[in-house]
Amino acid sequence: MPSEFDKPYDPKEHEDKIYKLWEESGFFNPDALPSGRDSDTKSRRSPTKTFTIALPPPNVTGSLHIGHALNATIQDILIRKKRMEGYRALWIPGTDHAGIATQNAVEKELKKQGVSRHDLGREEFLEKVWEWKEKYGNIILDQLKKIGASCDWSRMRFTMDQEYQKAVSAAFLHYQKKRWIYQGERTINWCPRCSTSLSDLEIEYKEEDGKFYYIKYGPLTLGTVRPETKLGDTALAVNPKDKRYKQYIGKEIEIQSVDSSVLRREAPKLKNIKIKVISDHAADPEFGTGVIKVTPAHDLADFEIYQRHPEIPILRVIDEKGRMNNNAGARYEGLKVVEAREQIVSDMQKLELIEKIEDYKHNIAACYRCGTILEPLLSKQWFLKMNELAQLAVKDVKKGKVKFHPKKWEKVYFNWLDPPVGGLKDWCISRQIWWGHKIPIEGVNDVLDTWFSSALWPFAILGWPEKTKDLETYYPTQVLSTARDIINLWVARMVFSSEEFLGIPPFSDVIIHATILAKSGQRMSKSLGTGVDPMTLIEKYGADATRFGLIWQAMGGQDIKWAEEHVVAGKKFCNKIWNASRFVLGQCPPSSKSDFRSQKKSNFFPSGKTPADKKILSQLQKTQKNIDKLIEKYDFGKALHILYGFFWHDFCDVYLEKFKNNPNPEVLERVLKESLKLLHPFMPFVTETIWQKFGDNLLMIEPWTS
RNA sequence: GCGCCCAUAGCUCAGUGGUAGAGCGUUUGCAUGACACGCAAAAGGCCUGAGGUUCAAUCCCUCAUGGGCGCACCA
């Protein structure tokens with residue numbers, strides 16, 4: 001027995017070597033796959049039979065987290081199975097430039113040296129980002145190799161590489177020609193920290209304990225959580241049906257307010273001002289006092305009121321940095337929003353303009369990249385019309401051309417694209433950062449939303465807008481596997497982009513995999529230290545065990561609370577496979593290995609004649625069918641449970657234990673060989689390592705079932 | 001506020017219209033010609049609560065409770 005076939009299986013001994021073997025074979029590139037096998041005259045790999053997956057490009061800022069590991073495993077299972085089935089299986093990897101996230105990361109690093117991006121200027125800063133990307137951007141892909149991902153690295157793409165930039169420009173110009181892109185002045189979500197606009201999807205809501213201030217406006221009283229925006233009020237609104245306030249509608253009322261021209265060091269003073277009362281359905285008679293203040297420049301809802309009542313003025317009192325500007329008056333100018341709030345509240349209290357203050361729990365919008373509280377701001381931005389595009393995306397799922405697994409996620413998709421109330425707002429595609437695709441219009445400095453380029457991913461990586469051979473051969477893709485939080489941010493936008501530019505859906509099946517939660521049942525969080533690093537798991541238990549643990553737990557896409565025990569089980573299982581193989585090999589020495597490999601269908605029932613032989617062979621056959629069916633249904637967890645039960649219990653505990661004194665080598669070989677194939681997509685390293693003991697062929701391209 | 005999901009063994013989860021399973025953990029044997037990362041056994045659950053449908057419910061329906069998540073302009 002070869003010395004490296006030692007008792008316990010040690011993944012570290014084998015995994016890197018095996019990965020190198022695969023890479024050197026060139027078979028990750030489907031163009032290099034053999035077109036048929038000598039033992040099989042039917043051409044297994046007809047050029048038309050392709051199977052493509054576009055890897056959701058990880059951000060260059062990131063390192064692999066446990067969710068990536070699960071997602072990569074799922075995709076690798078599909079790709080490996082299809083490759084064994086004879087498809088030209090292509091899995092295209094790449095990375096995303098991740099505009100805001102990457103810019104933030106680089107700025108943070110520069111800050112350590114006391115440098116800001118403004119010190120460097122745009123050109124030099126971008127050079128730094130590129131340097132940073134070259135240095136760190138591919139770490140995550142190396143981590144994918146560690147878990148065994150069989151991507152075609154020769155086709156690796158980056159959302160900012162030259163070819164990809166062409167695709168982005170082409171898409172932009174196409175939309176522009178259709179007049180779906182326009183510039184407009186709107187109140188949008190603004191992150192004062194990142195100093196850029198954000199789309200409606202790039203928001204996270206945080207619950208906050210705030211205060212609800214009841215402020216006197218002459219004869220009226222109204223409630224607000226943001227008294228500082230009072231300085232930008234240009235109207236009051238009441239509901240047209242609200243009888244209490246009917247008499248005021250359409251009238252200008254005179255109210256006493258804070259005199260904002262009084263300097264801060266002086267005592268606050270009252271000032272009489274006039275303000276118009278309008279009627280609008282946005283005012284809910286049931287809530288607060290039924291009167292609302294309208295601050296169109298700093299509130300998204302108020303801006304909508306303004307759009308319905310264009311006669312009211314707009315007054316901006318907050319700047320891009322989140323500070324009060326000179327419109328706010330000398331008393332408040334330069335104060336941060338929160339400071340201004342404290343100041344104005346104290347002023348109003350002194351002037352007896354505040355009736356009462358209540359505790360109030362509410363959700364506030366925060367930046368999805370840095371967590372800073374967003375400041376709605378009137379701003380000139382570029383928008384992409386969404387009506388028709390959204391309908392393209394809706395149509396594909398409604399018609400079943402794109403299917404979600406599990407199906408329930410359709411709801412999230414439809415809920416955004418085709419909301420039950422209101423409509424889908426146009427997509428704010430401009431960002432005021434430096435790192436990204438520049439908007440291809442002369443004199444415009446803004447860059448495009450990162451997701452604008454991500455939306456083109458599945459076809460841009462195959463060469464679109466050029467009519468490349470790859471695009472022709474490998475598009476559309478079949479499966480997209482991703483996390484649920486980017487269903488709208490990314491999946492929906494890929495669907496309509498592909499429909500718009502190529503007239504077909506980008507993929508037919510969308511797998512929304514389980515979200516892996518911390519033991520507490522909450523999302524894993526780096527800052528809380530509840531995250532699990534897949535690299536640590538691989539280091540400790542091996543890649544196969546990690547893959548096993550992930551798939552074993554991620555049943556049916558249901559969220560899971562992470563339990564490392566299952567990775568332990570995976571490690572034990574690797575060992576079991578290893579040792580069973582050692583035993584079988586002992587019964588069938590390497591001299592017979594050519595026989596071992598060339599068994600054909602004709603002797604699926606080798607000379608085994610005992611009832612037990614027949615039983616295990618029929619169990620094997622049943623398992624093969626089952627596993628195949630379950631993988632096709634994307635039911636990976638169940639497939640693995642069944643495989644585990646078959647191999648460990650039916651084969652090892654029952655059959656092997658019973659007959660180890662008097663084994664039937666042919667049956668052993670048959671069962672082991674077929675089991676290794678079934679196991680390979682799940683646990684590629686051990687299975688390939690064992691397979692290598694039998695000959696030179698790669699298990700990776702052995703026929704799935706024979 | 002609207003919507004979705006979950007509640008089964010100590011832990012993490014499967015599952016079925018006819019009173020339950022896995023992995024890990026625990027207990028007890030066993031160094032049995034691959035494996036102690038093992039083998040053989042065992043303990044452990046009125047399947048969250050209350051109603052309903054049914055001959056029959058852990059599984060179907062309703063409500064409740066607890067937990068998670070998504071959406072929403074309620075200032």
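The figures that follow rest on heavy atoms only: side chains count, while hydrogens, waters and symmetry mates do not. Below, read A as the first sequence line, B as the second, and so on, with proteins coming before strands; counting in each chain starts at 1. If you're wondering where the values come from, they're calculated on a predicted model, not measured in any experiment.
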Is it the case that the side chains of A/Glu204 and A/Tyr368 hold a donor-acceptor pair, with the cut-off being a distance below 3.5 Å and no angle test? no
Just the rounded figure in Å: distance from [atom2] of [N] to [atom1] of [X].
X        : N     : atom1 : atom2 : answer
A/Ile577 : B/G38 : CD1   : P     : 13 Å
A/Gln553 : B/C13 : CD    : C1'   : 8 Å
A/Ile512 : B/C5  : CD1   : P     : 16 Å
A/Tyr655 : B/C39 : OH    : P     : 18 Å
A/Ile551 : B/C13 : CD1   : P     : 16 Å
A/Phe573 : B/C39 : CZ    : P     : 12 Å

How does each nucleotide of nucleotides 65-75 of chain B score, in 5' to 3' order, for protein heavy atoms under 4.0 Å: base (B), sugar-phosphate only (S), or none (-)? ---SSSSBBBB
What string of B, S and - do you get for nucleotides 22-35 of chain B, 5' to 3', when a contact is any protein heavy atom under 4.0 Å? SBSS-------BBB
Looking across every strand, which nucleic acid part, if any, lies under 4.0 Å from A/Lys571 by heavy atom: base, sugar-phosphate, or nothing?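 Base contact.
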With heavy atoms under 4.0 Å as the rule, sort A/Ile305 into base, sugar-phosphate or nothing.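 A/Ile305: no heavy atom of the nucleic acid under 4.0 Å.
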Name the orientation class of the two ring planes belonging to A/Tyr655 and A/Phe651 (parallel below 30°, tilted from 30 to 60°, perpendicular beyond 60°). parallel
Give the ring-plane orientation class for A/His641 versus A/Trp552, where under 30° counts as parallel, over 60° as perpendicular and anything between as tilted. parallel
Could you measure between the two [atom1] atoms, the one in [N] and the one in [M], and give it in whole Å?
N     : M     : atom1 : answer
B/G23 : B/U32 : P     : 24 Å
B/C30 : B/A14 : C1'   : 31 Å
B/A20 : B/U26 : P     : 27 Å
B/A56 : B/U12 : P     : 35 Å
B/A34 : B/C39 : P     : 13 Å
B/G10 : B/C61 : C1'   : 33 Å
B/G25 : B/G67 : C1'   : 24 Å
B/C60 : B/G18 : C1'   : 15 Å

Can you tell me the Watson-Crick or wobble partner of [N], both distances under 3.5 angstrom?
N     : value
B/A75 : none
B/C60 : B/G52
B/G70 : B/C2
B/A22 : B/U12
B/A31 : none

Has A/Lys230 got its NZ or CZ under 6.0 Å from the middle of the six-membered ring of A/Tyr217, at an angle within 45 degrees of the ring axis? yes
Taking the six-membered ring of A/Phe646 as reference, does the cationic atom of A/Lys622 (NZ for Lys, CZ for Arg) lie under 6.0 Å from its centre and within 45° of its axis? no
Any salt bridge linking A/Glu666 with A/Arg670? Criterion: basic side-chain nitrogen under 4.0 Å from a carboxylate oxygen.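 Result for this pair is no, no salt bridge flagged.
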Lys/Arg-Asp/Glu bridge criterion (N-O < 4.0 Å) met for A/Glu410, A/Lys403: no
Test item: A/Lys677 and A/Trp691 side chains (from C-beta on) under 4.5 Å apart, heavy atoms: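 A/Lys677 reaches A/Trp691 side chain to side chain.
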State whether the number of non-hydrogen atoms from other residues, nucleotides or ligands found under 6.0 Å of A/Lys519 atom NZ is greater than 12. no
Any N/O donor-acceptor pair, A/Lys411 side-chain to B/C4 base, under 3.5 Å: no
Measure centre to centre between the rings of A/Phe414 and A/Phe404, then say whether the value is under 6.0 Å.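 Not under 6.0 Å, so no.
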Full working for ring pair (Phe, Tyr, Trp, His ring centres under 6.0 Å) between A/Tyr9 and A/Phe685: CA-CA 11 Å; A/Tyr9 173 68; A/Phe685 290 105; 9.3 Å; no
